[in-house]
There are 2 protein chains.
Amino acid sequence: MAKAERIRIYDVARVAGVSVATASKALNDTGRMTEATRTRVKQTAAALGFRPNAMARALTRQRSFTIGLLTNDTYGRFTLPVMAGINEALVDQGVSVFLCGIEDDAALGKIHVDAMLDKQVDGIIATGKRIDRRLPVDLSNLPVPVVYAFTEGPADAVTLVSDDRQGAREATEHLLAHGRRRLVHVTGPDSFASVQNRAEAFRASAGQDAMVLHGAWSEAWGHEAVAKLWAQPNRPDGIFCGNDQIARGVVDALRERGVDVPAEVSVVGFDNWEIVSAATRPPLTTIDMNLKELGREAGRLILDLAEGSRSSRASARCHASSCCANPAEATASRTAPKKRCFRRFRECCHRHWRAHGSGGKRRLERGNPTRHRTRPRPQGRI
Amino acid sequence: MAKAERIRIYDVARVAGVSVATASKALNDTGRMTEATRTRVKQTAAALGFRPNAMARALTRQRSFTIGLLTNDTYGRFTLPVMAGINEALVDQGVSVFLCGIEDDAALGKIHVDAMLDKQVDGIIATGKRIDRRLPVDLSNLPVPVVYAFTEGPADAVTLVSDDRQGAREATEHLLAHGRRRLVHVTGPDSFASVQNRAEAFRASAGQDAMVLHGAWSEAWGHEAVAKLWAQPNRPDGIFCGNDQIARGVVDALRERGVDVPAEVSVVGFDNWEIVSAATRPPLTTIDMNLKELGREAGRLILDLAEGSRSSRASARCHASSCCANPAEATASRTAPKKRCFRRFRECCHRHWRAHGSGGKRRLERGNPTRHRTRPRPQGRI
DNA sequence: GAAAGCTGAGAAACCGTTTTACCTAGGGTG
DNA sequence: CACCCTAGGTAAAACGGTTTCTCAGCTTTC
């Protein structure tokens, strides 16, 4: 089973008894030839186990079938599902992904972006751990398209974000549907855009005077919030938490006080972070942002842009991935199945992407290639 | 700031007034020329912002400065730190990483491996979520070196694993150092190699008759174990847990019983998974497997192999990343700083890597390139 | 029956580097 | 002075493909 030397298209051509040009065209379903020739070449290639050298191909095609994924979030609570989705969308297009973790280091970011550009990526997806923060790199005026997913980009950029309002609405409606009326929203710091959006949507559904408590993104804050809430007269019967850690703190604190969840009080989390939501007793009802689908969309989008930027002018549409509720409401059983459901797919923005010099043009434009060629490579005669 | 056409080495050569060959040699610090020429070319390149096209370079050099990272573990508890380390080791060598998440899908694995090979990766690192399981792909007889990190590979492969015995020893000694004498080990299923190794090391330090309880990797099991232990007469005063989730369950259960941690009973976890260990009240003492360093080592290793396989026969050494204890023992303060310390770097194995056909040879061997060339590319005169 | 059109295939140019082989001028040697 | 050596540099081949251009041969068409 010793790995033989790699088969080249020359070998295929020789064995099939055709020229290299014909072989290439046969394999790529381009050019004109008898169907017999085409199939013969294809069969030969298959028999020989020919796999084209992606580098060589990229060199002529000006397309590497490679994209770069830039992320902020090395310990990937949010990035990981996004990545999984991206990969899923790209793998069967034959596109590979360079993963680059730049902490919050601008210098490191530049190094990675340069390396990606050197390696001729077809596009770059930027993603992060926070929807309203930017990566410490300048991705404008790059010769390749850029998509921002779950991170903030320039105003005219293609951006994909989760739909916080929709998620908050679903959570609130879930509580209302269970007959809860005294609702409270216990969430993270007010400085997060997500927090503001969710709080707004919560108030829109629960009533403008519904209480919103801001604190840290921690279990401890969940405990503290319950202490505050139970110290006052008008105790809630439904609590919508800003993330699963807060929710877990809330549930634990309620149990410690002897409050029955979910019989007396319903709790809904946000994120559907299995590790937290599944360990909570009872298992948490929580909103899933469906980040994988967001990633999938980012992948499709960057591909469209990469192709568009080389054939015709790109006019990008931009979707938002929706949020979705996990229906496994506070079951007694610890092993309750927790299926994720995809609810809605809402269009949120119609920003456009400025196509930088299309690839088709590029070939023609680049300072008279003929003249250029003749100097360094005088061929033959003269 | 419109991005101009990419500068090629032709441009540099022209501006510097030398031939392309000279330019290339000047920039790569090879060949012979006056120092003046070399610096002139370099300055010109810098002034023009020349960045060589990695594809073209890879084509001639037979080296893409790209490696593939294959992983099992999409939701990356273990893979993520490993990845971070790999990236860290490779970024300043100009090497980029293709990340490929193959669930447990053999077909998907093959697709990714093939894609990586097509893209001429210089090597592949395989990693997973479990040290004693294999990825569902066959990585033997590949034309590039392979390193297995935190996943099992063939017997003769280069493999990097965390040192479970050392970790368990440190945990146990930590408990003994705090004067605890009635030690118990609450850990995961016996089927895990890690579990067996840790249990063995635990017994070696704590005494051969010390109790080891096996269960699930969950908080629930931690609760259950405490129930069992407190139902019997000889209650422990030191508990070493197999992971942080179990430890958290144990600590919570103890608190619910009114047992003071750490005054009456000391608890040590394993993994140093911030999200669990930091949320535990009080913050957990836990063993850090130092996976980032393991990743770093994997990166260095694959690079050595890639270079070795092309200059001289590779004879790889294989290190194990050590474990390391987090010294932040059960502090009252929730905000106790949790620094990680790197303790030891122990050599564990000396397996060798069979170098498959070296790159140097390849060039010469490949069936008379001259004859080959003359057929499809008759140049000029004749 | 000759001009025009179409078809299948191959030669050569090209992508942007690196590397090899060769050349020339100058200097030292016998 | 013939000879060899070396330093500095260049032309061209090579890497492994894709794409454009050309061309011979066969049909149509008038």
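Not measured: the values here are computed from a predicted model.
- Panel note: side chain Arg38(A), backbone Thr30(A); a donor-acceptor pair is recorded below 3.5 Å.
- Contact check, Asn28(A) against dT18(D): a side-chain N or O comes under 4.0 Å of OP1 or OP2.
- Nearest to the side chain of Leu59(A), among dC15(C), dC15(D), dT17(C), sits dC15(C).
- Within the nucleic acid shown, Thr30(A) has no heavy atom closer than 4.0 Å to any nucleic acid atom.
- As rounded to whole Å, 18 Å separates atom P of dG16(D) from atom CZ of Arg57(B).
- Residue Thr37(B) is the one, among Ala56(B) and Thr37(B), whose nearest nucleotide of DNA chain D lies closer to the 5' end (criterion: closest heavy atom).
- Atom CD of Gln120(B) and atom C1' of dG17(D) are 11 Å apart (whole Å).
- A donor-acceptor contact closer than 3.5 angstrom is absent between the side chains of Thr71(A) and Thr127(A).
- Between the CG atom of Leu117(A) and the P atom of dG16(C) there is a distance of 15 Å, rounded to whole Å.
- Within the nucleic acid shown, Arg32(A) comes within 4.0 Å of at least one base atom, counting heavy atoms only.
- Using modelled atom types, one side-chain atom of Arg40(B) and one backbone atom of Ala16(B) make a donor-acceptor pair closer than 3.5 Å.
- A sub-4.0 Å separation between OP1 or OP2 of dG16(C) and a side-chain N or O of Arg8(B) is present.
- Atom CD of Gln62(B) is separated from atom C1' of dA14(D) by 10 Å (rounded to the nearest Å).
- Of the N and O atoms on the side chains of Ser64(A) and Lys119(A), not one donor lies less than 3.5 Å from an acceptor on the other residue.
- Between the CG atom of Asp11(B) and the C1' atom of dT17(C) there is a distance of 13 Å, given to the nearest Å.
- Across all strands, Thr34(B) comes closer than 4.0 Å only to sugar-phosphate atoms, never to a base (heavy-atom distances).
- Remark: Asp122(B) CG to Leu90(B) CG distance equals 10.0 Å, nearest 0.5 Å.
- Minimum atom distance to the side chain of Met33(B) is reached by dG8(D), of the listed dG8(D), dT18(D), dA11(D).
- Distances shorter than 4.0 Å separate some side-chain N or O of Ser24(B) from OP1 or OP2 on dT18(C).
- Atom pair Asn53(A):CG and dG16(D):C1' shows a separation of 6 Å (rounding to whole Å applied).
- The CZ atom of Arg14(A) sits 15 Å away from the P atom of dG10(C) (whole-angstrom rounding).
- The side chain of Thr22(A) contributes no N or O atom lying less than 4.0 Å from OP1 or OP2 of dA9(C).
- Checked against dC21(D), dG8(D), dT18(D), the side chain of Lys25(A) finds its nearest nucleotide in dC21(D).
- The side chain of Thr60(A) contributes no N or O atom lying less than 4.0 Å from OP1 or OP2 of dG17(D).
- Taking atom CZ of Arg63(B) as the reference point, atom C1' of dT17(C) lies 16 Å away to the nearest angstrom.
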